[in-house]
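Reading through the structure tokens given below for one structure.
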Amino acid sequence: MPAPEWEKSLRAVAEVSPLVHCLTNIVVAGFTANVLLAIGASPAMVENPDEAGAFAAVAGGVLINLGTLSRGREEAMRAAAAAAHQAGRPWVLDPVAVGALAHRTTFAKELLRHRPTVIRGNASEIASLAGVAGAAGRGVDSSVESGDVVEAARELAGRSGAVGAVSGAVDYVTDGHRVSEVPGGDILMTRVTGVGCALGAAMAAFMAVTDDPFQATADASAVLAEAGGRAAAAPRPGPGTFAVRLLDNLAELAAEAVR
Amino acid sequence: MPAPEWEKSLRAVAEVSPLVHCLTNIVVAGFTANVLLAIGASPAMVENPDEAGAFAAVAGGVLINLGTLSRGREEAMRAAAAAAHQAGRPWVLDPVAVGALAHRTTFAKELLRHRPTVIRGNASEIASLAGVAGAAGRGVDSSVESGDVVEAARELAGRSGAVGAVSGAVDYVTDGHRVSEVPGGDILMTRVTGVGCALGAAMAAFMAVTDDPFQATADASAVLAEAGGRAAAAPRPGPGTFAVRLLDNLAELAAEAVR
Amino acid sequence: MPAPEWEKSLRAVAEVSPLVHCLTNIVVAGFTANVLLAIGASPAMVENPDEAGAFAAVAGGVLINLGTLSRGREEAMRAAAAAAHQAGRPWVLDPVAVGALAHRTTFAKELLRHRPTVIRGNASEIASLAGVAGAAGRGVDSSVESGDVVEAARELAGRSGAVGAVSGAVDYVTDGHRVSEVPGGDILMTRVTGVGCALGAAMAAFMAVTDDPFQATADASAVLAEAGGRAAAAPRPGPGTFAVRLLDNLAELAAEAVR
């Protein structure tokens with residue numbers, strides 16, 4: 001069996017241990033750090049305006065996730081996005097619940113000016129940012145399927161210069177021209193909080209060790225999908241056990257990649 | 001064996017997947033989301049003043065948990081409580097550590113003006129809100145037993161119009177007239193952080209799918225107690241394993257209810 | 001086999017259940033609470049300026065961890081440190097990422113005026129506070145080994161009056177005169193987020209029940225190392241399983257100590 005495509009970039013993450021600066025939400029911060037540690041990256045959550053800019057400029061990659069905004073976090077995110085862009089650090093925008101809430105929709109559009117390297121979201125979020133009418137989800141859930149918004153994602157990617165990544169039963173990654181389809185994963189990945197958010201952080205880690213954001217984004221998605229599929233294998237776990245196994249399997253994939 | 005009383009409402013949660021807006025604390029936000037996902041509900045934590053009011057008005061149910069207050073969170077909680085009340089959305093007040101700390105005791109009393117549908121706490125917290133002298137707990141722990149404050153809870157419920165729920169070795173639920181006793185559960189539920197907080201969120205989910213807050217509150221308590229009892233079964237787990245099993249068992253109860 | 005040295009203080013924690021006031025970060029707050037609960041302590045996270053001072057003055061021990069600073073948290077930390085010092089409550093400073101980020105380095109030095117009882121960090125953080133040039137780590141990781149900074153830690157302890165604790169492959173604890181070496185633990189403790197942060201909280205718990213901060217700090221380190229070693233035992237777990245086992249083993253050690 002040939003090594004999967006993503007093995008090389010996962011090995012690079014595990015060997016280089018890139019510093020990933022996460023500005024994320026209070027729900028998933030711990031799980032996100034554990035996912036990054038499992039693949040060998042070095043997470044650091046710095047989310048105040050007094051430090052976020054300086055830190056983003058020296059990080060290997062940056063994640064900005066809009067899950068639980070606050071005025072302080074927004075100020076820090078503005079500083080981090082601007083600094084990452086200026087310093088040429090790759091950064092991922094995860095526009096959680098954009099479309100469903102007007103304030104964050106405006107804020108996400110403001111952040112787009114700082115040229116995210118990747119925009120990762122569910123179908124509703126990506127469609128909303130792309131300006132598709134009627135796509136707004138409900139809370140953090142999508143009201144449409146990932147496959148339905150591939151064209152919108154491609155358009156958004158072309159216009160913004162960012163790689164677009166749509167999570168769903170099948171993940172899609174596009175740079176405006178190419179579209180990569182990432183199958184696999186498991187429905188249990190939606191029954192544990194933070195899997196999508198952690199994927200955004202993993203994308204930042206993968207981008208830190210490669211020069212190709214499109215490939216890095218697809219590889220990170222494929223690694224999460226592979227680990228998710230393994231973690232869901234029989235005997236089929238409940239969601240508590242699944243979350244534990246997901247971390248175990250990510251660490252095992254990283255160890256296999258290094259060997 | 002006849003189906004337990006709570007099975008119908010748990011099935012409704014799993015089928016309707018109500019949107020539950022949680023303004024909660026940094027300690028338990030992740031676990032709370034996982035408990036809601038396990039029973040089939042859709043959690044969304046939005047805790048900033050710029051969004052919380054609008055979001056509470058469209059949520060199926062709202063939780064306001066005072067665990068880790070901040071000025072921004074307090075402003076958001078005021079907005080969410082007012083909006084939920086005005087829009088007729090059921091909302092749960094979890095007055096964490098009220099009685100032990102003056103600032104939050106004042107704040108909780110202010111929120112009572114927005115007519116919570118349920119007030120859920122431990123014995124000290126409920127007694128403090130009810131005005132019982134000398135009931136203040138120590139930090140987040142109760143200094144009295146749930147059974148000792150049933151009358152205080154009934155009085156609080158009668159005066160506030162909210163269902164009162166007292167957590168303890170036995171849970172009590174009262175609407176000022178009726179008192180429902182929920183036995184079961186396990187002492188391990190107090191050795192994992194956030195089980196009580198997550199119960200408050202589950203109450204919001206159950207209220208979103210029924211018209212009877214008293215029954216919804218009792219049902220949510222019974223479901224957590226049942227899952228806790230199963231999760232603690234032999235071989236008796238440590239607290240780490242117990243937390244994992246609790247999520248697994250909640251998901252299993254939800255799956256059983258749907259079948 | 002004679003009982004280990006730390007058994008007496010662990011038993012005291014489990015029996016007294018000291019209230020531990022944690023001002024910590026959004027990444028590890030839940031895990032920290034679960035570690036404290038596992039050893040029998042009573043965690044309470046109160047992190048706003050309106051309550052933190054009053055609460056610190058009545059807590060058994062206080063932890064101030066600089067992981068995810070915000071302006072509100074900093075104000076609360078100032079109040080808590082001052083109040084703990086004035087009330088004679090032991091408090092632990094965990095200067096996360098100090099040295100790597102200028103803002104928090106200044107802030108940590110300001111907090112030193114309130115005389116922490118213990119300063120716990122990795123080698124880079126301790127060396128930075130001690131004023132060793134070129135020790136700054138990268139994000140939250142150390143760039144030097146714990147053994148390399150024992151002299152710096154001893155100097156810092158002598159100058160500040162605090163016990164210094166350096167985490168690493170071997171932990172070192174010093175009061176400026178004595179140096180205690182705590183071996184054991186496992187590399188997996190660095191592959192799960194929050195183990196070091198939770199150790200700082202455990203130190204606060206141990207200090208709450210003894211009069212000897214040096215011994216309490218060494219004992220807390222030894223208990224975590226013992227639980228970590230047991231949790232990593234064959235069959236060697238992945239990081240997800242390890243975190244679960246760590247909590248289970250801490251609770252088991254506490255139960256053994258009480259018996």
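Any value given below was found using the heavy atoms of this structure, including those in side chains, with hydrogens, waters and symmetry copies removed.
Distance check, rounded to the nearest 0.5 Å: CD of Glu47(C) to OG1 of Thr68(B) gives 5.0 Å.
Counting non-hydrogen atoms of neighbouring residues, nucleotides and ligands closer than 6.0 angstrom, the CZ atom of Arg11(C) exceeds 12 such neighbours. More than 12 heavy atoms of other residues, nucleotides or ligands lie within 6.0 Å of CD in Glu15(C), so this atom counts as buried by the packing criterion. Within a 6.0 Å sphere centred on CD of Glu256(C), other residues, nucleotides and ligands contribute more than 12 heavy atoms. Taking a 6.0 Å sphere around CD of Glu110(C), one finds it holds more than 12 heavy atoms contributed by other residues, nucleotides or ligands.
For a residue to count as touching a neighbouring chain, one of its non-hydrogen atoms must lie under 4.5 Å from one of that chain's; by this rule Arg191(B) touches chain C with backbone and side chain alike. Within the 4.5 angstrom heavy-atom criterion, atoms from both the backbone and the side chain of Val192(B) approach chain C. Using a 4.5 Å cut-off between heavy atoms, Asn249(C) makes no contact with chain B at all. For a residue to count as touching a neighbouring chain, one of its non-hydrogen atoms must lie under 4.5 Å from one of that chain's; by this rule Arg73(B) touches chain C with the side chain only. Both the backbone and the side chain of Ser17(C) come within less than 4.5 Å of a heavy atom of chain B.
Between Pro239(B) and the choices Asp248(C), Leu250(C), Val35(C), the side chain to side chain contact (heavy atoms under 4.5 Å, CB included) rule is met once, by Asp248(C).
The greatest number of non-hydrogen atom pairs below 4.5 Å with chain B, out of Ala29(C), Ala76(C), Ala59(C), is found for Ala29(C). With chain B as partner, the option from Ser42(C), Ala33(C), Gly72(C), Ala44(C) having the largest number of non-hydrogen pairs under 4.5 angstrom is Ser42(C). Note on Leu246(C), Val244(C), Leu247(C): by heavy-atom pairs under 4.5 Å with chain B, the leading option is Val244(C).
Listed here is the closest heavy atom pair of Asn34(C) and Thr193(B): OD1-N, 2.7 Å. Listed here is the closest heavy atom pair of Thr24(C) and Ile26(B): O-CD1, 4.4 Å. Asn48(C) and Leu69(B) make their closest contact through CB-O, 3.1 Å (heavy atoms, listed as atom of the first residue, atom of the second, distance).
Without hydrogens or angle criteria, Glu51(C) side chain to Leu101(B) main chain gives no donor-acceptor distance under 3.5 Å.
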